[in-house]
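The structure appears below as structure tokens.
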Amino acid sequence: MDADVSTEPRAPTGTHDVLWPESWRWEELTASFARQVERANYGLVVSPMFEYAEIFRRGIGVDSDVVGKEMYEFADRDGRVIALRPEGTASVARAFIERRPTIPWKAWYVTPAFRHERPQAGRYRQHHQLGVEVLGSADPELDIEVVTIAADFIEGTGVRKVELKVNSMGDATCRPAYVDRLREDLEKRKALLCDDHRGRIGGNPLRILDCKTAECQAAIEGVPKLVDSLCDPCAAHFRRFREGLDELGVSYTLDFRLVRGFDYYSRTTFEFTAHSIEAAQNAVGGGGRYDGLVEMMGGPPTPGIGFAIGIERLLLAASAEGTMHEHPPPPDAFVVDVVGGGAARGIVTELRRAGFRVDRAFDGRSMKAQMKLADRSGADVALIVGPEEQASGVVTVRTLRRHGGQCTVPRSGVVAEMHRRGHDGDE
RNA sequence: GUGGGCGUAGCUCAGCAGGUUAGAGCGCCAGGUUGUGGCCCUGGAGGCCGGGGGUUCAAGUCCCCUCGCUCACCCCA
């Protein structure tokens with residue numbers, strides 16, 4: 001299974017290098033997310049990308065596909081079983097249990113997530129998530145806050161064809177009873193289910209609700225809904241949640257089939273589906289409440305709620321809708337040095353120290369070649385130093401945008417000239 | 001884990017029913033313009049035709065295997 005060493009090196013299956021200019025959109029997205037959540041007083045949490053595998057087994061659940069068959073697990077040199085984080089919530093919960101920050105603890109993160117799956121459009125073995133978690137409060141106001149932040153962030157990227165689906169999964173008092181009733185009901189419709197699910201009613205029948213096959217979709221017509229079977233506290237929580245979204249103008253659809261795959265979810269669940277993504281994997285974000293998670297992991301009873309947004313998928317939607325195509329700012333100046341490169345060295349350093357964005361050529365290229373590079377860099381001006389300029393202590397300043405005019409300024413006045421041209425030079 | 005499609009220059013792809021030194025566009029480099037970018041012209045570099053085996057006088061082209069990419073199922077961001 002080792003890679004063929006006779007061929008060129010490759011990134012591991014399902015991983016990708018993100019290069020400029022694509023990487024610029026990543027920077028923008030992350031910066032925009034940070035602005036969004038920090039306005040709501042969420043603080044960045046940086047936690048390890050790997051944990052003792054046990055953390056994820058207890059947090060996410062051994063029955064989930066993610067833990068059961070997709071985790072990157074290995075023994076480290078001390079023999080401890082380590083797993084690369086397949087998602088962010090369990091790690092954050094572990095950090096909470098260990099550090100006990102004051103509640104409600106409002107945290108945000110940006111992290112890679114690793115799952116050994118077969119890659120396809122919008123699904124990778126290493127993908128990246130932006131997310132928030134709030135621990136220590138069961139207040140439905142937080143469900144509203146968290147969903148609204150996610151919705152506003154997505155809208156801020158310019159992506160419009162997104163549907164917010166919401167559902168409630170109930171809690172330990174009402175869900176088990178519902179699951180029993182659902183199992184009973186599905187048992188009667190067993191013959192109608194698709195091949196994959198016909199024999200799996202005994203397992204988690206909730207999964208069948210989410211099945212995409214025409215057979216299952218037809219079969220579950222008229223099946224009892226969890227939202228209609230919620231206990232009073234769960235029903236009240238869900239009602240308050242929806243009223244809050246209504247009041248804030250956050251539009252959503254109720255989707256009783258929305259059942260999230262991790263064991264820790266309770267009550268509110270939600271998902272953002274991008275209809276502009278042609279591929280099958282069109283969920284750009286999702287999350288929900290997980291009131292039992294912290295306790296299940298060995299911490300004090302602590303409710304929580306959060307969401308994660310997939311960077312790759314959100315960018316997929318942005319591409320499909322033609323948004324987020326801003327370019328990084330081009331250099332303010334490009335230094336063309338035809339006297340050996342030493343003059344450029346001084347000029348670029350002086351300008352950079354003054355806060356300007358400046359690039360130059362290397363390798364002793366011809367003047368023509370350097371001008372070409374200057375042009376393609378998108379710089380406003382070329383600062384040219386040839387033998388004549390060097391002899392008289394000046395620099396030629398040539399405008400590159402449109403038909404460039406040019407003038408000469410004293411070498412000592414280059415920074416002042418750049419300021420005069422309207423670049424403030426202070427980032 | 002299962003199935004479909006595809007692997008030819010840095011990129012996007014031609015390569016007709018197997019037949020001479022494997023092509024184009026874009027990009028890159030150089031020159032035309034011995035101190036000036038964009039447009040144009042000329043030239044150049046760059047290909048284990050994914051890898052291995054087989055059929056054949058002859059394989060980029062046909063067959064088998066393998067690796068990889070891709071799309072989909074399952075599930076998820």
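Keep in mind the model is a prediction, meaning the values are calculated, not measured. Sequence lines set the chain letters: A, B, ... in the order given, protein chains first and strands last, and positions in each chain run from 1.
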Note to self: With a 4.0 Å cutoff (strictly under), does any side-chain N or O of Thr13(A) reach OP1 or OP2 of C69(B)?
What the structure shows: yes
Note to self: Return whichever of Arg365(A) or Lys368(A) has its heavy-atom-nearest nucleotide of RNA chain B closer to the 5' end.
What the structure shows: Arg365(A)
Check: Has Arg242(A) got its NZ or CZ under 6.0 Å from the middle of the six-membered ring of Phe238(A), at an angle within 45 degrees of the ring axis?
Finding: yes
Note to self: Quick test of the criterion, 5.5 Å between centres and less than 30° between planes. Is His127(A) stacked on A77(B) or not?
What the structure shows: yes
Check: Can you list the residues that meet the salt bridge (charged side-chain N to carboxylate O under 4.0 Å, His left out) rule with Glu312(A), with sequence neighbours excluded?
Finding: none
Check: Using a heavy-atom distance cut-off of less than 4.0 Å, which residues of residues 334-342 of chain A contact RNA chain B?
Finding: none
Checklist line | Below 4.0 Å: OP1/OP2 of G51(B) and any side-chain N or O of Arg10(A) | finding: no
Next item on the list: Could you state the atom-to-atom distance from CZ of Arg125(A) to P of A77(B) in whole Å?
Entry: 18 Å
Note to self: Check this for me: does the side-chain of Glu70(A) come within 3.5 Å of the base of C75(B) through a donor and an acceptor?
What the structure shows: no
Next item on the list: Could you check whether Gly122(A) gets within reach of a base, just the sugar-phosphate, or nothing at all, counting any heavy atom under 4.0 Å?
Entry: base
Checklist line | Sugar-phosphate, base or nothing in reach of His16(A), heavy atoms under 4.0 Å | finding: sugar-phosphate
Note to self: At 4.0 Å (heavy atoms only), tell me whether Glu87(A) reaches a base, stays on the sugar-phosphate, or touches nothing.
What the structure shows: nothing
Note to self: Distance criterion of 3.5 Å, no angle test: do you see the side chain of Gln370(A) paired donor-to-acceptor with the base of G37(B)?
What the structure shows: no
Check: In terms of side-chain geometry, is the basic nitrogen of Arg94(A) or Glu51(A) positioned less than 4.0 Å from the acidic oxygen of its partner?
Finding: yes
Check: Roughly how far, to the nearest 0.5 Å, is CZ of Arg360(A) from CD1 of Ile347(A)?
Finding: 9.5 Å
Check: For RNA chain B, what is the dot-bracket line, given that a base pair needs Watson-Crick (N1 to N3, plus N6-O4 or O6-N4) or G-U wobble (N1-O2 and O6-N3) geometry with both distances under 3.5 Å, and | means paired with another strand?
Finding: (((((((..((((.....[...)))).(((((.......))))).....(((((..]....))))))))))))....
Next item on the list: Taking only the side-chain nitrogens and oxygens of Gln120(A), find out if one of them lies under 4.0 Å from OP1 or OP2 of A72(B).
Entry: yes
Next item on the list: Look at all strands and tell whether Phe272(A) reaches a base, only sugar-phosphate, or nothing, counting heavy atoms closer than 4.0 Å.
Entry: nothing
Next item on the list: Please measure how far the P atom in G47(B) lies from the corresponding atom in C11(B), and state the result in whole Å.
Entry: 13 Å
Item checked: Comparing Pro12(A) and Ala283(A) on RNA chain B - which has the more 5′ nearest nucleotide -> Pro12(A)
Next item on the list: Mind checking Ala279(A) for me? I need base, sugar-phosphate or nothing, with any heavy atom below 4.0 Å counting as a touch.
Entry: sugar-phosphate
What pairs of nitrogen or oxygen atoms, one from the protein and one from nucleotides 2-5 of chain B, lie under 3.5 Å apart?
residue, atom, partner, partner atom, Å
U2(B), O4, Arg118(A), NH1, 3.0
G3(B), O6, Arg118(A), NH2, 3.4

Check: P atom, A9(B) versus U61(B): distance in rounded Å?
Finding: 14 Å
Residues 384-392 of chain A side chain polar contacts: donor-acceptor under 3.5 Å, at least two apart:
residue, atom, partner, partner atom, Å
Glu389(A), OE1, Gly386(A), N, 3.0
Glu389(A), OE2, Thr396(A), OG1, 2.5
Ser392(A), OG, Glu388(A), O, 2.8

Note to self: I want to verify a distance call: between G31(B), G35(B), A77(B), whose nearest atom is closest to the Ala308(A) side chain?
What the structure shows: A77(B)
Check: Looking at residues at least two apart in the chain, or sitting in another chain, which of them share a salt bridge (charged side-chain N to carboxylate O under 4.0 Å, His left out) with Asp171(A)?
Finding: Arg267(A)
